[in-house]
Amino acid sequence: MASPRMTLKDVVDDMRSRGCRLAPMTIADRIEDGTFPFGKITGTGNTGRRTFMIFRKDYEAWAEQYLGG
């Protein structure tokens, strides 16, 4: 059974498998600015590295609607 949470890499890999080839930084930026509503930033480290909370259920519903199966 898949984890209820996804990493940014999980999202990148799934989007690419659906034909949407966006760079990880682009996806991260779109989560941050609210364009991609399936994730939230939960913190930013001293180096500027962002951490995300992405729930699989939210991502999969979004991906089905916008990217298709």
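- Not counting sequence neighbours, the partners of D13 by the salt bridge (charged side-chain N to carboxylate O under 4.0 Å, His left out) test are K9.
- Scored by the side chain to side chain donor-acceptor pair (under 3.5 Å) test, T51 finds T42 as partners (sequence neighbours excluded).
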Tell me which donor-acceptor pairs under 3.5 Å the side chains of residues 28-36 have, and how far apart each pair is, sequence neighbours excluded?
residue, atom, partner, partner atom, Å
D29, OD1, R50, NH1, 2.9
D29, OD1, R50, NH2, 3.0
R30, NE, D33, OD2, 2.9
R30, NH2, D33, OD2, 3.0
E32, OE1, R50, NH1, 2.6
D33, OD1, T35, N, 2.9
D33, OD1, T35, OG1, 2.6

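- Put simply, L8 and M53 are part of two different groups of oily side chains (I, L, V, M, F, W, Y) that touch within less than 4.5 Å, one to the next.
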Return a table of donor-acceptor pairs under 3.5 angstrom between the side chains of residues 57-69 and protein atoms on other chains or two or more places apart.
residue, atom, partner, partner atom, Å
Y59, OH, D14, OD2, 2.7

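- In this structure, the separation between CE on M15 and CG on L22 is 5.0 Å, given to the nearest 0.5 Å.
- Judged as a side chain to side chain donor-acceptor pair (under 3.5 Å), and not counting sequence neighbours, the contacts of T7 are D10.
- The closest side-chain heavy-atom distance from F55 to M6 is not below 4.5 Å.
- Proximity of a side-chain donor or acceptor of R56 to a complementary backbone N or O of S3 within less than 3.5 Å is detected.
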